Amino acid sequence: MKTTRLRKFHQAKWDEPIIFELTKKGERGLLISEAEKEIEESIGDGISALPDKMKRKKAPGLPEISQMRVLKHYLRLSQQCLGADLNVDIGQGTCTMKYSPKINEILIRSPKVTELHPLQDESTVQGALEIIYKLDTFLREISGLSQFSLQPGGGSSAIFAMASIIRAYHEANGEAEQRDEIITTIFSHPSDAAAAASKGYKIITIFQDKDGLPDVESLKNAVSNKTAGLLITNPEDTGIFNPRIAEFTRIIHDAGGLCGYDQANANGILGITRAKEADFDLCFFNLHKTFSSPHGCGGPAVGALGVTKRLINYLPVPIVGFDGEKYFLNYNLPRSIGKVRGFLGVFPVILRAYAWIMSLGALGLKEAASIAVLNNNYILNKVKQIHGASAPYAKGRHRIEQVRYSWEKLTEETGISTEEISCRMADFGFHLWSSHHPFIVPQPFTIEPTESYSKDEIDEYISALNEVAKEAYQNPEKVKNSPHNSVVHKIDNSTLDNPEKWAITWRAYLKKNKIKE
Amino acid sequence: MKTTRLRKFHQAKWDEPIIFELTKKGERGLLISEAEKEIEESIGDGISALPDKMKRKKAPGLPEISQMRVLKHYLRLSQQCLGADLNVDIGQGTCTMKYSPKINEILIRSPKVTELHPLQDESTVQGALEIIYKLDTFLREISGLSQFSLQPGGGSSAIFAMASIIRAYHEANGEAEQRDEIITTIFSHPSDAAAAASKGYKIITIFQDKDGLPDVESLKNAVSNKTAGLLITNPEDTGIFNPRIAEFTRIIHDAGGLCGYDQANANGILGITRAKEADFDLCFFNLHKTFSSPHGCGGPAVGALGVTKRLINYLPVPIVGFDGEKYFLNYNLPRSIGKVRGFLGVFPVILRAYAWIMSLGALGLKEAASIAVLNNNYILNKVKQIHGASAPYAKGRHRIEQVRYSWEKLTEETGISTEEISCRMADFGFHLWSSHHPFIVPQPFTIEPTESYSKDEIDEYISALNEVAKEAYQNPEKVKNSPHNSVVHKIDNSTLDNPEKWAITWRAYLKKNKIKE
Amino acid sequence: MNTKKGSAHPYIPNSAPEVKAKMLKEIGVNNIDELYSDIPETLKFKGNINLPKALPSEYALKRHVEEILSKNQTCEDNLSFLGGGCWQHYVPAICDEINQRSEFLTAYAGEPYEDHGRFQALFEYESLMAELLDMDVVNVPTYDWCQAASTSIRMACRITGRNEILLSDTVSPDRLLVINNYCRPIVNIKTLKHCPKTGAIDLNDLKSKISPRTAGIYFENPSYLGFLESQGNALSDIAHENGALSIVGVDPVSLGVIAPPSHYGADIVCGDIQGLGVHMNYGGGLAGFIATHDEEKFVMEYPSRLFGITKTAVKGEYGFGDVAYDRTSFGLREKGKEFIGTCSALWGITAGVYLSLMGPEGMQKLGKTIMQKSQYAMKKISEINGVKAPLFNAPHFKEFIVDFNDTKVPVKEINKSLLKHAIFGGKDLSDDFPELGSCALYCVTEIHTKKEIDSLVQVLSDVLNKTDIKKG
Amino acid sequence: MNTKKGSAHPYIPNSAPEVKAKMLKEIGVNNIDELYSDIPETLKFKGNINLPKALPSEYALKRHVEEILSKNQTCEDNLSFLGGGCWQHYVPAICDEINQRSEFLTAYAGEPYEDHGRFQALFEYESLMAELLDMDVVNVPTYDWCQAASTSIRMACRITGRNEILLSDTVSPDRLLVINNYCRPIVNIKTLKHCPKTGAIDLNDLKSKISPRTAGIYFENPSYLGFLESQGNALSDIAHENGALSIVGVDPVSLGVIAPPSHYGADIVCGDIQGLGVHMNYGGGLAGFIATHDEEKFVMEYPSRLFGITKTAVKGEYGFGDVAYDRTSFGLREKGKEFIGTCSALWGITAGVYLSLMGPEGMQKLGKTIMQKSQYAMKKISEINGVKAPLFNAPHFKEFIVDFNDTKVPVKEINKSLLKHAIFGGKDLSDDFPELGSCALYCVTEIHTKKEIDSLVQVLSDVLNKTDIKKG
Ligand SMILES: Cc1ncc(COP(=O)(O)O)c(C=O)c1O
Ligand SMILES: Cc1ncc(COP(=O)(O)O)c(C=O)c1O
């Protein structure tokens with residue numbers, strides 16, 4: 001395989017202490033507003049109003065650090081972090097690390113966004129409500145469903161909301177107790193199983209057939225009058241589109257269940273295929289994935305939750321309505337599950353998604369999807385040529401937006417694991433994420449290029465993968481001892497699962513290691 | 001000497017190509033506004049209005065790059081740059097790399113600043129004029145002089161303006177032709193000599209006496225009826241305060257000259273001593289140094305130029321006045337030298353300086369100066385203990401805000417130069433600037449800690465200096481071949497002074513190296 | 001989308017025609033449609049998505065959005081006294097500087113090797129919160145206080161093996177909606193009466209309801225209604241005597257001056273960090289925390305990520321990683337603890353920056369200032385004829401109920417009038433707490449100047465004296 | 001300053017009392033005053049600087065400054081047609097993102113080893129500008145166009161060994177003030193008449209004035225008055241025939257569609273890059289460029305930093321450094337070329353980002369859009385009774401003169417009326433060019449929508465039809 005120039009990379013390494021180690025008595029980071037003299041005269045110190053037992057006796061053990069030093073600390077830490085803006089972020093498959101346009105950041109930083117209180121009078125937030133309403137209508141078009149709630153704080157929260165609606169629906173039909181099973185698939189996101197289980201459901205997991213697709217026969221065996229519903233990702237983490245998806249929904253519907261579509265990542269199918277055509281009752285999109293809101297080290301986020309007409313009354317309150325003149329909050333959903341997050345959801349994320357859609361339009365969305373798929377299949381073609389790598393399932397077929405690959409052969413032949421390869425990839429400035437458990441695909445790795453990276457960048461990534469695979473055969477120690485060019489070296493994970501040793505806070509670390517500050 | 005932990009540093013190294021190498025036909029970075037259809041219909045393509053010879057025949061050879069890739073490129077480059085926010089920036093002596101508070105950045109990013117046009121009606125810029133006026137009055141208090149112009153775009157521009165005013169003053173007295181000499185000192189900033197020379201003056205440079213101070217006897221010999229004025233930095237780059245400064249101004253005044261005080265860096269003497277007491281006619285402050293506006297890789301900046309009452313009429317126009325109700329632009333300076341920069345100067349820099357002063361007040365300014373001096377003398381004490389380093393002149397005396405040190409001994413004993421030490425310092429994440437020519441102090445380096453860095457940070461810097469000095473003796477090759485942990489390695493400077501080889505642009509580089517794109 | 005002359009959209013580099021053609025060729029297909037061959041024709045969407053036309057330029061996008069946003073009136077343009085779960089505090093400049101850094105903004109789920117900075121920043125956040133709370137374990141933030149309370153309750157149930165929770169009936173109605181949905185059908189939520197005078201939980205009611213089924217008692221300090229629940233010790237004791245846990249929701253902003261719940265026996269503490277350096281963002285600034293002592297049986301019940309510190313192959317180097325990752329649903333799917341996904345990590349980093357800046361003295365001063373200013377506001381408001389604040393005879397922090405009943409004017413009318421004077425009056429409580437009549441929840445923080453409080457009082461009394469105001 | 005209880009100001013760490021004491025001890029002095037012992041008592045300032053009291057908090061500072069700034073009315077709040085040396089163009093989001101990065105914002109004069117990024121970014125800026133200008137040498141930015149023109153003139157004098165410059169009398173009066181002061185007493189500046197019909201330089205006047213003393217001819221494209229000087233070739237030829245240089249000021253924004261001066265013989269080209277991605281900033285966004293061909297005799301006369309690319313000890317690695325550093329005043333003090341100091345580098349980096357985003361197509365489109373919109377504006381404005389635009393019979397770019405003479409209303413009155421309608425009318429030329437009578441310089445860029453131009457036209461004709469407007 002022709003390889004591209006490998007970057008001579010080294011990550012910024014500041015060897016920065018823990019923030020507490022920077023403390024120096026008498027330093028301060030910020031001047032705080034104090035009460036005016038007249039207030040002090042009128043009220044006293046304010047604290048005397050507290051009963052003694054409610055007073056804090058000793059100031060919290062926070063560090064004392066001057067402002068510039070605090071700034072410097074966090075700036076340095078920031079440099080020690082990749083991020084889609086900095087790297088070719090295609091190795092965190094299932095995460096849709098696409099470009100988050102900077103103009104959208106300018107928009108959300110407006111005081112017209114940041115300084116809004118969620119309980120303001122409707123007349124004072126018409127702009128915000130308009131954005132929420134319009135994004136809802138856009139998502140209706142994109143999914144074919146009838147109404148969205150933008151309240152859930154992430155995809156998993158949206159899944160929980162779907163499970164809650166499914167339960168409320170069966171409750172309304174008096175079948176809630178009987179229908180206590182949710183069906184999902186092993187290549188659906190873990191939250192499809194976990195969030196439904198949190199709602200009290202028993203989980204039935206359908207495993208893949210030899211093509212890597214959820215086995216229809218298993219599904220048929222699984223359904224019964226206990227079936228509450230289906231929660232399924234499609235394309236699943238394998239990137240294979242389930243062509244029998246409509247059969248799945250039919251089987252569930254026939255059994256009296258509802259179908260929830262996990263479209264957290266719909267990045268390959270925008271404008272191509274929709275929840276409606278596959279006959280889903282519910283679906284959700286992660287605005288922080290497909291719709292380009294940045295991931296923020298893990299949120300804040302929005303899982304935009306859509307339903308068909310008959311389920312609108314079950315949505316969390318409020319939703320935003322429009323009476324032809326004014327936008328308003330609609331609490332009048334008689335069967336509402338209540339709420340899944342405080343207030344109205346994460347408005348900045350909603351606004352970014354709105355802006356992203358407005359900058360692309362219908363054709364642009366479809367182009368984004370198409371190029372994401374093009375990029376993915378281009379990579380598939382290349383990875384298959386890397387010695388030791390493979391793309392299990394669906395041989396000879398194309399994939400949608402991502403592929404779950406395997407280093408099984410390489411591990412067998414060299415003893416080098418996905419995790420070790422992932423460490424070595426860091427030396428080239430790349431992420432390679434090992435994906436979620438359970439590792440059905442042995443030594444898995446998942447690549448999802450999205451539409452955002454240029455061919456040259458993709459080629460560079462592949463070259464690095466190829467190089468590391470080669471090293472695994474030729475110089476395995478180099479891979480084993482990696483990373484070499486990163487902030488830190490091989491981490492001792494042994495303490496992290498040991499209650500005697502783990503340290504989730506600095507104070508716990510000091511105690512457990514008997515260090516005096 | 002007790003040393004602090006040395007940081008295991010590596011600078012971010014992205015090995016990023018030159019922007020032109022990223023071009024890919026058909027990529028685009030930005031969607032541009034086009035004229036509305038109705039305009040196109042009414043006007044046509046607009047370009048036809050151009051005579052043929054004025055039309056550009058071939059599109060400019062700019063690269064074609066998608067937006068995220070452009071962003072990534074520049075983000076990566078930014079990480080390859082230290083900056084006062086990121087490092088302990090005390091090694092760029094004479095530059096006053098102090099903390100630039102982030103709140104001031106928030107303030108200057110307001111559209112109320114960024115979206116002002118300098119020709120707006122006065123009634124629409126009362127806020128901006130108020131800030132300019134008030135900063136002017138603050139600086140009057142700080143210097144003791146009578147009026148400031150905030151127009152000059154940097155310290156050197158302010159020096160040029162001082163020289164221009166000196167000339168205009170003598171012109172008014174009919175002595176401009178006769179008085180064609182400006183006196184300065186060798187440890188004054190190079191611009192004191194150069195900008196005055198640009199104004200057509202002959203420059204007489206006073207050298208230092210054995211104490212490192214400008215020699216008063218030489219000054220006495222230098223003055224005559226040809227003397228137009230004095231431009232002098234104090235404290236000079238050595239950090240030694242010239243205690244006979246009032247004698248200097250007296251000698252010049254007696255000879256009929258004017259005295260201009262270079263207070264670009266007044267960081268050690270705020271509230272301690274002023275231009276007024278030393279009897280200067282003009283002075284200037286660099287708002288981007290003493291008054292905390294960030295340096296921006298080298299501007300934009302402001303050299304705030306102050307004068308005594310009798311010279312107000314010579315200032316560049318306009319200055320800002322206040323009639324008790326409204327702020328207004330005053331062009332009525334009958335002897336004005338004209339202008340030294342477009343419009344009113346760099347308003348964001350002015351605003352930052354205003355905010356910095358307002359956050360400290362008179363006591364705070366003095367505290368800043370005092371601690372800057374404390375830090376400096378603390379370092380002086382430490383550096384003197386480093387084997388091979390020395391602090392020429394003023395033995396046993398204290399310095400103000402900086403010290404020009406020397407590696408003379410170390411160079412003699414090891415062959416390692418300041419420049420090489422500076423390269424090695426980069427390996428620890430530090431700057432060490434070799435200062436301006438001419439190198440009166442052999443193998444010079446200048447450290448100016450300002451008030452912004454903590455003792456721990458200063459100690460770390462000193463430890464690194466000490467370590468590198470030790471290495472120079474024990475392992476000179478390591479120093480010679482440095483940097484090792486930086487973005488690049490030893491640079492081949494030979495091409496830079498060779499007209500056949502220098503390449504100031506990519507296109508020149510391609511041509512001279514016969515590279516086809 | 002603007003694809004004239006075969007140029008790519010700026011967000012989609014490989015739609016440049018030459019590149020696209022090359023890639024198709026390498027894959028060995030003629031067009032992109034072929035790549036979709038797995039999707040049955042019947043499922044393919046034949047139409048065009050019905051969306052507004054793409055805006056032609058970044059400039060047009062900016063103007064379009066700004067025009068919509070200009071319809072918003074903000075708490076900066078107006079004088080706001082709204083609180084009730086989202087608060088207007090001062091956000092230091094550096095908080096935004098850090099959370100806007102491209103590196104943090106666009107990072108996600110990388111390994112501790114490439115994202116060391118993210119791990120360290122969040123570990124430090126946990127550690128700083130731990131000092132404020134005086135507890136040894138804090139999670140990477142969850143969605144918000146609603147979720148943190150819900151999960152704290154579920155954790156208590158798993159820890160105790162019980163499934164009933166008693167909670168104060170002064171918990172915010174919104175939060176209760178979330179808790180109820182999150183707990184149903186696993187947990188039984190029962191409410192406890194409050195003392196109408198002080199707002200505090202009625203201990204008799206509690207004693208009558210607590211039982212061997214009780215997994216925990218949940219209450220808040222300050223409560224949603226602003227008063228402090230001063231019986232913390234007694235409540236925790238009663239819980240513990242009955243084998244239940246004490247779960248306390250707390251406003252971390254108060255903890256410079258007010259004792260943290262761990263000091264009065266709380267086992268699980270939760271709350272929101274929005275007040276710690278995050279803009280309100282129309283409610284998008286919320287982020288929830290959960291804290292416990294460092295006991296295995298507690299730690300193992302967190303659904304959240306817990307970043308821990310450890311060593312690396314190089315002596316003296318700190319490394320970070322997930323503590324007990326296999327608890328999580330990432331590790332165990334439905335066998336994991338509840339579920340985990342994208343939550344509100346960026347606000348955690350931000351709160352860490354905030355606490356680093358504030359230090360012990362800053363948090364003390366902040367708490368004190370808020371105590372003083374809110375007490376001043378209560379005092380002044382109470383001087384208005386027929387108006388009383390606070391309603392409850394108890395110490396308060398930041399928020400308090402203003403009782404307008406004697407004025408006979410409904411809060412709705414008052415707030416309408418205030419709005420005309422560019423004042424956002426306190427949240428109307430009459431729908432959620434009908435028994436209170438015409439009452440509103442006011443919030444006063446360090447950002448309110450004396451002048452502003454005085455002007456509220458002035459406008460309020462003017463408004464109430466107007467004859468044309470509609471009496472209820 | 002707030003130094004209660006011995007805490008340090010956040011900006012001054014070592015004023016923390018314990019640290020301070022330790023440091024004093026190490027130095028061996030009792031107090032800081034001792035460190036100032038070199039300053040004679042007579043020079044010591046005995047009073048306290050008379051300044052307003054320090055603001056007590058960051059929050060107070062923010063409110064204080066915002067209150068003052070709120071008195072400003074911006075070109076966003078209003079519809080502005082001001083140009084004349086500072087222009088309202090669209091600033092892409094990424095330009096600000098990059099110039100706000102802490103690393104670039106707070107870097108300064110580091111070596112290419114630690115500041116490789118700064119050197120590369122500025123080298124790229126030079127290179128991108130070079131493409132736009134079709135010349136091989138561009139400097140690191142100087143203060144602004146005024147300075148760039150002044151230095152270009154001084155360079156021309158040094159290169160030719162002559163000391164007279166001929167320049168068009170349509171150069172901006174402000175720029176002329178800078179040039180005159182900068183050149184006096186070294187260079188003789190003489191002005192050339194323009195053709196009253198087209199604005200172009202009167203070739204006869206030029207021919208009569210050019211002489212062996214002439215170092216160069218300076219003219220601008222577009223001129224300050226908006227028209228294009230189409231005789232570029234002829235002017236350069238005349239200069240060259242007389243052993244002088246052709247110096248041209250140019251708006252780089254125009255160069256996507258208009259031929260760069262190098263195509264009509266310019267030897268030195270200068271101008272401002274504010275239009276390339278930098279906000280107006282009340283004039284603080286200006287930054288000047290100078291470009292020449294890559295000839296030693298030109299390069300050696302730059303006073304500016306010139307960053308060049310070179311190799312390093314590692315094969316394939318690019319390094320950067322100062323080209324011919326010893327030219328500069330840093331190297332040679334008064335023997336250096338003019339002087340160098342802090343200028344406007346950050347705007348150079350920003351312009352580089354801008355040009356990278358725009359690409360060839362972007363610059364072409366931008367130029368075209370501006371041509372179209374400004375022509376549309378001229379056409380529509382001319383439809384108003386008694387109003388004519390442009391004044392000069394010539395092609396224009398972006399700016400043009402609107403001639404109100406026939407309306408008998410002075411521009412001052414018109415602009416006053418426009419302001420009432422939230423429109424900033426074009427710059428009044430009647431003071432600077434009294435011979436033009438009631439004329440104003442209007443600027444129309446890509447940011448003006450058709451609707452906005454139409455509304456200008458509407459308001460203008462309304463205003464001019466009003467009977468109460470003061471006729472001159
Ligand atoms: C298919 C799918 N479903 C659900 C989720 C969960 O979303 P979140 O992380 O927002 O909770 C993800 C995110 O990785 C996903 O890819
Ligand atoms: C003492 C002194 N004078 C003058 C200057 C020149 O200022 P500028 O760089 O703003 O031109 C400096 C800057 O280093 C300086 O330190």
Side-chain angles (χ1 to χ4, degrees), chain A residues 5-17 21-24 27 30-31 65-76 78-80 83-89 98-103 106 109-111 359-360 364 428-429 450-457 485-489, chain B residues 5-17 21-24 27 30-31 65-76 78-80 83-89 98-103 106 109-111 359-360 364 428-429 450-457 485-489:
Chain A
R5 184 182 82 108
L6 281 172
R7 198 174 288 269
K8 288 182 188 142
F9 171 79
H10 201 297
Q11 191 163 17
K13 175 187 172 70
W14 284 99
D15 193 16
E16 187 67 1
E21 298 180 282
L22 300 175
T23 193
K24 189 69 89 187
E27 285 191 20
L30 193 77
L31 296 181
I65 316 173
S66 67
Q67 188 168 115
M68 189 193 205
R69 189 64 186 91
V70 172
L71 173 68
K72 193 172 292 172
H73 178 71
Y74 285 104
L75 288 175
R76 288 172 172 180
S78 77
Q79 282 193 351
Q80 297 180 168
D85 277 358
L86 273 293
N87 80 108
V88 181
D89 217 345
K98 65 166 60 180
Y99 177 45
S100 301
K102 282 294 160 212
I103 179 63
I106 304 275
R109 289 172 196 169
S110 161
S359 68
L360 285 163
F428 297 96
T450 80
E451 73 280 11
S452 300
Y453 306 92
S454 70
K455 175 174 172 299
D456 283 353
E457 293 182 294
N485 308 334
S486 195
V487 191
V488 283
H489 300 83
Chain B
R5 185 182 81 109
L6 282 172
R7 198 173 288 269
K8 287 183 188 143
F9 171 80
H10 201 297
Q11 191 163 18
K13 176 187 172 71
W14 284 100
D15 194 16
E16 188 67 2
E21 298 180 282
L22 299 175
T23 193
K24 190 69 87 188
E27 286 191 19
L30 193 78
L31 296 182
I65 316 173
S66 66
Q67 188 168 116
M68 190 193 204
R69 189 64 185 92
V70 172
L71 173 67
K72 194 172 290 173
H73 178 72
Y74 285 103
L75 288 175
R76 288 171 171 180
S78 77
Q79 283 194 350
Q80 297 180 168
D85 277 357
L86 273 292
N87 80 108
V88 182
D89 217 344
K98 65 166 60 180
Y99 177 46
S100 301
K102 282 295 160 210
I103 180 63
I106 304 276
R109 289 171 195 169
S110 161
S359 68
L360 284 164
F428 297 95
T450 80
E451 72 281 11
S452 299
Y453 307 91
S454 70
K455 175 175 172 299
D456 284 352
E457 293 181 295
N485 308 334
S486 194
V487 191
V488 283
H489 300 83

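All values below come from the heavy atoms of this structure, side chains included, with hydrogens, waters and symmetry mates left out. Quick caveat: nothing in here was measured; it's all calculated off a predicted structure. In what follows, chains are A, B, ... by sequence order, proteins preceding strands, each numbered from 1.
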Quiz item: Is Q79(B) close to S78(A) at the side-chain level, that is, under 4.5 Å between some pair of heavy atoms?
Solution: no
Quiz item: Heavy-atom distance under 4.5 Å between the side chains of Q67(A) and L30(A), does that happen here?
Solution: yes
Exercise. Please look at K8(B) and chain A and tell me whether the side chain, the backbone, both or neither of the residue comes under 4.5 angstrom of a heavy atom of that chain.
Key: both
Quiz item: Taking every heavy-atom pair that is under 4.5 Å apart, which of L86(A), D85(A), L75(A) has the most such pairs with chain B?
Solution: L86(A)
Self-check item: Test salt bridge (Lys or Arg N to Asp or Glu O under 4.0 Å) applied to R76(B) - qualifying residues, sequence neighbours left out
Solution: E16(B)
Quiz prompt | Pairing residues for K13(B) by the side chain to side chain donor-acceptor pair (under 3.5 Å) criterion, not counting sequence neighbours | solution = E317(D)
Self-check item: Greatest number of heavy atom pairs closer than 4.5 Å to chain B - which of K24(A), K455(A), H73(A)
Solution: K24(A)
